[in-house]
Amino acid sequence: MGSAGRLGGVVALVTGGGSGIGRAVCVRLARDGARVAVADRDGGWAGEVREGLSPTPPPLHAAFAVDVASQDSVDAMVARVQDHFGTPPSICVTCAGVTRDEFLLRLPHNHFDEVLSVNLKGTFLVTQAVARAMVAVGAARGSIVHVGSIVGKVGNVGQANYAASKSGVEGLMRSCAKELGRFGIRCNAVLPGFIRTPMTARVPSKVIGKFAALVPMGRLGQPEEVADVCAFLASEDSAYITGASVEVTALLRERLTSQPNHLIGSLTDCSRAT
Ligand code: NAD
């Protein structure tokens, strides 16, 4: 689909666009006709994704290096996106995220701070900068999609920092939805389960098998399956949805809730194996 797609030429900013789910979101939004700003801490990865979106050099799509945990970096990136496209993004999908897994009793404080800085404060900084830019130009509508995690709802052994950050993302999203609705800006979240990406590639195959066995469909998710939901929430197909969290877990959430001991076993295995 070209610019005639359902996102017909709108500018979409994707943080964490250089890998995994963010990369799949860039591809999906471009396919729907959006002009995509691929933003990532790794500018090289962002550039590769941009090249993959279209053989045409910028200005159709563009890549930007950013550290979402830094306000200066985020503000500069949003200004460069606006300069490049001549308009602020009207779609923003925040995929940048990190894990620093460890059991609570051994969790170093700097690993707690680092995960909160990128996953939660980074989401706040990007959302604030983008929303300010949208409001400043009097944009008629906008859609912000936060990538949270099902772990933010159910918790996870070895992920106190990550779970706290992702719970925070949901609270942030709901508050943003309430504040930004009057400007025509919607804010929603997707909560993925266990998705095959570089983030989860370090998990031993034995543990992957245990997680897959918890899913009635018997497999983990693909980044494209999360991207499809992000694209729906980004588009006007979801025009009357705001403040919502959409779980993309294929029922993994229910199984994690009903079989917590199974999960503990898996993660203990994981922790020993890595
Ligand atoms: P990934 O590691 O493949 O991609 C994360 C991207 O974020 C990378 O390109 C990385 O460079 C970028 N990034 C990290 N820190 C950054 C920073 N400070 N500034 C800018 N960019 C930064 O991981 P993924 O699995 O694709 O994860 C994407 C999002 O989905 C994350 O928020 C993650 O927490 C969430 N998520 C993933 C899963 C899963 O199973 N893979 C499940 C639930 C939620």
Over 60° means perpendicular and under 30° means parallel, so tell me whether Phe64 and Phe85 are parallel, tilted or perpendicular.
tilted
CA sep, side-chain torsions, deciding dist, call: Leu53, Val36, side chain to side chain contact (heavy atoms under 4.5 Å, CB included)
CA-CA 9 Å; Leu53 295 182; Val36 181; 3.9 Å; yes
Using a 4.5 Å cut-off on heavy atoms from C-beta on, say whether the side chain of Lys121 contacts that of Leu116.
no
Determine yes or no for a side-chain-to-main-chain donor-acceptor pair under 3.5 angstrom, with His146 supplying the side chain and Ala189 the backbone.
no
Residue from Pro89, Pro88, Cys92 passing side-chain contact (heavy atoms from CB on, under 4.5 Å) with Val81:
Pro89
Given the rule in the side chain to side chain contact (heavy atoms under 4.5 Å, CB included) test, do Ser245 and Arg174 qualify, once you have shown the distances and angles that lead to the verdict?
CA-CA 9 Å; Ser245 299; Arg174 281 196 214 99; 4.2 Å; yes
Between Gly168 and Leu120, what is the shortest heavy-atom contact and its length?
C-CD1, 3.4 Å
With a 4.0 Å cut-off, would you call Glu170 and Lys166 a salt bridge?
no
So, Arg41 and Asp67, do they make that salt bridge, N to O below 4.0 Å?
no
Report yes if some heavy atom in the side chain of Ile91 is under 4.5 Å from a heavy atom in the side chain of Val11; otherwise report no.
no
If you measure from OG on Ser149 to CG on Asn156, what distance do you get to the nearest 0.5 Å?
8.0 Å
Heavy-atom closest contact (Ala39 atom, Val66 atom, distance):
CB-CG1, 3.8 Å
Of the non-hydrogen atoms in Val190 and Cys230, which two are nearest, and what is the gap between them?
CG2-SG, 3.8 Å
Taking all non-hydrogen atoms of both residues into account, name the closest pair between Gly18 and Arg23 and its distance.
O-NH1, 3.5 Å
Where the side chain of Thr15 meets the backbone of Cys95, is there a donor-acceptor pair that is under 3.5 Å apart?
yes
Quick one: do Glu224 and Arg31 make a salt bridge, cutoff under 4.0 Å?
no
To the closest 0.5 Å, what do you measure between CG (Leu252) and CG (Leu214)?
6.0 Å
Taking it one step at a time, do His61 and Val38 satisfy side chain to side chain contact (heavy atoms under 4.5 Å, CB included)?
CA-CA 8 Å; His61 307 292; Val38 187; 5.6 Å; no
Could you tell me whether the side chain of Thr242 and the main chain of Cys187 form a donor-acceptor pair under 3.5 Å?
yes
Side chain of Arg35, backbone of Gly8: donor and acceptor closer than 3.5 Å?
no
Candidate list Ile208, Thr249, Val151, test side-chain contact (heavy atoms from CB on, under 4.5 Å), partner Phe194, passing option:
Ile208
Strictly distance-based, threshold 3.5 Å: is any side-chain N or O of Asn161 a donor or acceptor partner for the main-chain N or O of Asp113?
no
Looking at Ser143 and Ser235, would you say the former's side chain and the latter's main chain have a donor-acceptor pair under 3.5 Å?
no
Is the side chain of Arg100 donor-acceptor paired with the backbone N or O of Pro108 at a distance under 3.5 Å, no angle test?
no
Can you give me the closest heavy-atom contact between Leu191 and Gly148, atom names plus distance?
CD2-CA, 4.0 Å
Interatomic distance, Asn119 atom CG to Leu172 atom CG [nearest 0.5 angstrom]
12.0 Å
Between Arg141 and Ser90, does any side-chain donor sit less than 3.5 Å from a side-chain acceptor?
no
Can you name the nearest heavy-atom pair linking Leu29 to Ala234, along with the distance?
CD2-CB, 4.3 Å
Under a single-linkage definition using a 4.5 Å side-chain heavy-atom cutoff for Ile, Leu, Val, Met, Phe, Trp and Tyr, are Trp45 and Leu13 assigned to the same hydrophobic cluster?
no
Under the salt bridge (Lys or Arg N to Asp or Glu O under 4.0 Å) rule, what do Glu225 and Arg219 come out as? Steps first, then yes or no, please.
CA-CA 12 Å; Glu225 292 168 322; Arg219 67 172 179 85; 2.7 Å; yes
Do the side chain of Lys210 and the main chain of Ser205 share a donor and acceptor less than 3.5 angstrom apart?
no
Distance col, row His111:NE2 vs Arg106:CZ, nearest 0.5 angstrom, shows 12.5 Å
With no hydrogens and no angle check, is any side-chain donor or acceptor of Arg186 less than 3.5 Å from a backbone partner on Ile241?
yes
Side-chain contact, heavy-atom cut-off 4.5 Å: Val68 with Val118?
yes
Quick check: does any side chain N or O of Ser167 sit under 3.5 Å from a backbone N or O of Gly152, one acting as donor and the other as acceptor?
yes
Please evaluate residues Thr127 and Arg132 with respect to the criterion side chain to side chain contact (heavy atoms under 4.5 Å, CB included), reporting the C-alpha separation (whole Å), side-chain torsions for both, the decisive distance (0.1 Å), and the verdict.
CA-CA 8 Å; Thr127 301; Arg132 280 177 172 165; over 6 Å; no
Does Ile185 share a hydrophobic cluster with Met173, counting links as ILVMFWY side-chain heavy atoms below 4.5 Å and allowing steps through other members?
no
Between CD of Gln222 and CG of Asp228, what distance do you get to the nearest 0.5 Å?
11.5 Å
Rounded to the nearest 0.5 Å, what separation is found between the OG1 atom of Thr94 and the CZ atom of Phe124?
13.0 Å
